[in-house]
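Beneath this line is the structure, given in structure tokens, with notes to follow.
Residue numbers start from 1 in every chain, and the chains themselves are labelled A, B, ... in the order their sequence lines are given, proteins ahead of strands. All figures in this text were calculated on a predicted structure; none of them were measured in a lab.
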Amino acid sequence: MKVTVEITRRPEIADPQGTTIQRALHDLGNNEVMSVRVDRVIHLEVDGDDPAVVQSRVEEMCRQVLANPVLEDFSVEVTG
Amino acid sequence: MKVTVEITRRPEIADPQGTTIQRALHDLGNNEVMSVRVDRVIHLEVDGDDPAVVQSRVEEMCRQVLANPVLEDFSVEVTG
Amino acid sequence: MRTAVVVFPGTNCEQDVAHALSSLGGEVELVWHRETDLSGFDGVVLPGGFAHGDYLRTGAIARFSPVMAEVERMAAQGLPVLGICNGFQVLCEAGLLPGALIANRDLAFICRFVDLEVVDNDSILTGSAEIGQRIRIPLNSYEGNWVDPGKTGRIVLRYLGDPNGSQHAAAGVANDGGNVVGVMPHPERGVDELLGSGDGRVLLEGFLHSLVPA
Amino acid sequence: MTDEEHESVLGLLGRDPRPAELAMYSVMWSEHCSYKSSRAHLRRFPTEAPWVVVGPGENAGVVDLGDGWLAALRIESHNHPSFVEPYQGAATGVGGILRDVFTMGARPIALWDQIRFGPLEDPKNRYLFNGVVSGIAGYGNAVGVPTVGGEIEFDPCYSGNPLVNVMCLGILRREQLVLGTAGSPGTVAVLLGRATGRDGIGGASVLASASFDDESQEKRPSVQVGDPFEEKKLIEACLELYDRGLVAGVQDLGAAGLSCATSEPAGRAGVGLDVDLDSVHVRETGMTAPELLMSESQERMMAFVPTDLVDEVLAIATKWEIDSAVVGTVRVGGTLTVRHQGEIVAEVPAASLADDAPIYDRPMRRPDWLDGLWATPVRILEGDAADILLRLLDDPALGSTAWVHEQYDHMLFLNTVVGPGSDGALIRVRGTDKGLAVSTDGNGRLCQLDPRDGSSRLVYEAALNVAVTGARPLAVVDNLNFGNPEKPEVMWQFKESVEGISAACEMLGIPVVGGNVSFYNETDGIDIHPTPVVGLLGLADPMPGTPPRLSRAEEGMEIWEIGPEANGNLSGTAAQRVIHDELTGRPTPPDPDAAEKVVALAADLAHRVPVLHDISDGGLAVAIAEVCIASQIGANVAETDNGRLFSEDPHRLIAVLEPHTVELPEGLSRKVGTIRGDSLVLGSSDPIDVRRLIETFEGAIPRRMAG
Ligand SMILES: Nc1ncnc2c1ncn2[C@@H]1O[C@H](COP(=O)(O)OP(=O)(O)O)[C@@H](O)[C@H]1O
Ligand SMILES: [Mg+2]
């Protein structure tokens with residue numbers, strides 16, 4: 001099954017990368033850009049046939065390794 | 001308006017991060033994981049009221065700077 | 001004959017490059033990335049570092065710096081354009097060299113001496129070296145893994161061994177004309193035996209010899 | 001804050017403190033910022049010498065190198081933040097120590113890291129180790145300052161409480177020296193660098209001032225994220241301000257953020273300061289006054305600028321693409337007045353935040369268990385010397401550090417003459433004949449057995465480490481990592497350690513010019529071993545033309561041991577740990593006279609001998625093996641006694657040299673072997689092929705990190 005995990009930086013954590021990209025976009029004349037945040041998406045291919053089981057297995061993997069709980073939140077979606 | 005850009009690595013380009021994560025997951029016993037790919041998501045807040053205009057402006061930014069055509073494809077979604 | 005060494009915000013090898021080139025008799029000037037006129041220079045070096053913090057992708061933001069229009073002009077005119085490490089990454093992003101640089105295979109920064117072999121000496125970097133010549137200089141990068149899906153790059157320097165996963169073990173790559181070259185290891189760190197090697201001299205001498213009056 | 005501390009704020013102000021005032025006092029009077037448990041003891045340090053330009057009390061110590069050159073140095077801990085988030089904790093530790101050094105007007109030229117973890121067999125420790133090393137690499141490499149040395153130690157006592165210390169060295173011309181002073185009335189305060197956010201509110205100050213327990217997990221939102229790119233721009237901008245003589249003083253924003261960067265410079269200058277929080281550039285909306293005052297957002301500096309130069313300062317900030325804001329004005333008197341949204345939110349004597357912090361004379365008691373440890377006999381080291389040596393070389397604390405130091409740019413600036421993997425690092429000062437040597441040394445196990453003598457030995461060891469590069473000791477910074485100071489045993493260890501460091505510094509005639517104290521390194525009630533770390537700066541003037549290197553041994557050279565003869569004591573040694581997993585006995589105390597002689601002799605020999613290497617962890621056998629590994633050549637060693645092969649008795653080094661080339665003092669030196677062939681032979685044990693030595697040594701860390 002295909003699983004999409006989005007790992008997002010917690011809102012209170014500073015995002016220097018986003019700030020720098022925003023500045024660059026402005027320098028290039030894209031002044032309408034008001035904020036930029038860069039996150040990660042992990043696409044997994046997981047063996048299994050019960051979406052609920054796969055979902056909870058991958059959530060477990062997020063807690064274990066995929067996300068850094070100190071800085072990040074995650075959401076898991078089994079897409080088929 | 002909120003815009004989500006997903007930058008995906010072209011399939012023929014090596015993905016050392018994906019490979020490393022897959023190995024780590026297997027080491028921890030998650031053998032059902034068959035493939036891992038890590039991509040980037042950029043969340044933008046863009047000033048504007050016509051979703052079609054915003055969409056094409058952000059696509060332009062992707063071509064210009066946000067994605068590298070040698071390595072990456074992109075998709076843009078205006079989410080509200 | 002004058003060489004411009006470009007300083008982007010986040011560049012950190014500019015003084016080292018300037019020192020190494022001057023110690024070999026070059027005339028060097030540091031140029032801030034907002035400069036829009038390099039007409040007084042006969043060649044240009046983009047040194048190593050972390051231009052714009054390497055954010056987004058390494059080199060991605062730097063390639064839009066005002067100075068890059070002049071770098072593109074010089075490349076088109078056949079003048080020597082050398083990118084070292086981060087400078088190599090910028091030249092790829094700018095489309096002046098083929099391919100792109102991604103993270104090292106082992107996802108770790110690598111700082112150590114590596115052994116290279118000259119495989120093509122028709123370029124502004126390798127012009128003073130012999131084909132087959134062995135060169136030992138430091139590598140110092142996290143994103144040193146060159147990929148070239150179009151297979152159009154001309155490799156001028158190769159790693160002996162495979163430190164980072166780079167395609168065809170490429171360490172240095174040139175454009176068709178041989179006047180634009182990117183090199184991942186640092187020749188400027190190899191000009192003084194007291195620091196471990198003098199092998200980088202032949203490369204930088206090649207660069208200086210390739211300068212012709214504008 | 002305790003009730004008594006609250007009372008003394010009340011007394012100071014003569015009224016109830018406002019919320020912003022309470023916030024300021026609580027961060028400034030935290031253990032981390034106020035040194036309330038340690039200050040009385042730190043007075044013991046010798047701090048004076050003719051070459052001291054700035055001693056403890058400023059952001060970094062500064063010493064004179066001659067010919068108009070000065071060096072600035074400082075060491076700092078980021079232990080608790082690194083446990084909470086290893087990458088960012090270590091990264092922001094690097095950012096912080098750099099700011100301490102370039103605040104003085106110096107360009108940072110090198111970094112050292114001293115890191116300690118629990119055993120790598122535990123995945124959690126591997127995660128921490130990997131994260132910390134990546135964090136130091138990620139920040140140090142990108143900010144563009146080479147990390148040229150450090151130390152690594154593994155011990156179960158650091159499992160719940162890793163130690164991450166970083167030291168920075170900078171150089172400057174005398175006329176560029178800047179102090180952390182607010183200047184005189186009329187000067188304005190300009191805040192430079194990153195926008196202020198809610199990150200790290202009370203982060204370092206609070207996190208570092210309490211012990212770890214389950215609740216620490218809840219402190220997580222205070223994690224700070226470093227931005228080396230911003231810091232790089234900030235360094236260049238500040239150095240240009242100094243170059244042009246535009247500032248009266250500068251203070252970095254570290255622990256306690258704006259509270260510290262306003263009150264300390266005003267207090268030092270004996271002036272008052274009006275601060276307007278509405279001018280502070282922020283990255284989040286709706287921040288309250290206490291939040292603004294306590295935020296530890298990274299990469300910020302406060303410059304104090306004469307009014308007529310402000311425009312020039314702001315223009316330089318714009319050029320380097322950093323944000324800036326005028327946030328305050330210096331006034332006569334001594335009052336720090338803070339306004340927010342048109343109201344006065346704080347009005348306090350500026351100096352009181354730093355100077356009136358409580359000083360605790362905490363109770364001390366020599367631990368009951370110490371005599372028992374001393375009395376427990378040290379087991380004899382039985383078995384084949386070759387086997388013992390291979391087990392030692394396979395230990396991650398003794399094996400090659402390449403896995404770590406190859407992740408650090410250690411060559412930038414083209415000055416690293418001797419880099420990581422030897423004894424002291426040697427950095428040349430271009431345009432002069434001078435070389436700066438630095439060694440950092442700690443040894444928790446030695447100090448657990450004997451905090452006073454152990455601490456002295458660290459100073460002597462560091463001095464010997466710089467001497468083998470040709471340098472003479474100049475000054476010391478120290479990082480005192482200890483357990484919970486509210487326990488009398490920990491306080492006693494602390495006092496003993498300060499005494500030990502002081503005594504050794506006095507013997508060598510060198511001052512302590514700065515340092516840092518990290519208390520509360522305990523988890524669930526268990527304290528770490530007392531772990532003082534000494535960073536010693538030496539000056540080689542002139543620097544040896546061809547400095548000794550471990551890789552310069554050649555066939556036929558003789559191996560000499562220099563220093564007092566080892567008596568075979570194995571207490572506290574690596575061999576006792578690796579082979580017997582014990583910590584007992586009483587280590588050999590230092591011998592100050594021998595120390596002084598050996599250090600002077602080594603500094604002299606460094607100009608004439610191809611290989612000089614100090615004998616420390618793993619003793620004579622490991623010292624010789626390291627030479628064989630680096631030079632890829634074998635050796636024959638006559639010694640057959642395991643005790644003398646693996647003892648770590650102090651003040652000893654080996655010299656490798658062509659026969660009859662250099663006269664060595666009798667009594668203080670003895671020939672122990674010959675460089676020969678392609679295997680190492682220890683006494684009568686089986687030869688070990690050099691390739692086997694190399695594989696074992698190089699694999700010690702990678703093999704474990706592979707899981
Ligand atoms: N162990 C120590 N030995 C000597 N000086 C020390 C020690 N600990 C702290 N100091 C000195 O106290 C001063 C204040 O330190 P600190 O509060 O950590 O500064 P910062 O605000 O830069 O973190 C510094 O000058 C430091 O050198
Ligand atoms: Mg400071």
Side chain proximity check, B/Thr8 to B/Arg10, heavy atoms < 4.5 angstrom: no
Could you check whether any side-chain heavy atom of C/Met68 comes within less than 4.5 Å of a side-chain heavy atom of C/Val90, counting everything from C-beta outward?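 Side chain of C/Met68 against side chain of C/Val90, heavy atoms only: contact under 4.5 Å found.
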Heavy-atom pair count under 4.5 Å with chain C, highest-scoring of B/Asp15, B/Leu71, B/Leu66: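 Option with the greatest count: B/Leu66.
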When heavy-atom pairs shorter than 4.5 Å are enumerated against chain B, which of C/Pro149, C/Pro98, C/Ala60, C/Gly165 gives the highest number? C/Pro149
Just give me the residue among C/Arg57, C/Glu93, C/Gln167 that pairs up with chain B most often, heavy atom to heavy atom, under 4.5 Å. C/Arg57
Could you work out, with salt bridge (Lys or Arg N to Asp or Glu O under 4.0 Å) as the rule, every residue matching C/Arg73, not counting sequence neighbours? C/Glu70
Side chain / backbone / both / neither for C/Ile102 at chain B, heavy atoms under 4.5 Å: side chain
Report all side-chain donor-acceptor pairs from residues 106-119 of chain C shorter than 3.5 Å, counting only partners two or more places apart or in another chain.
none

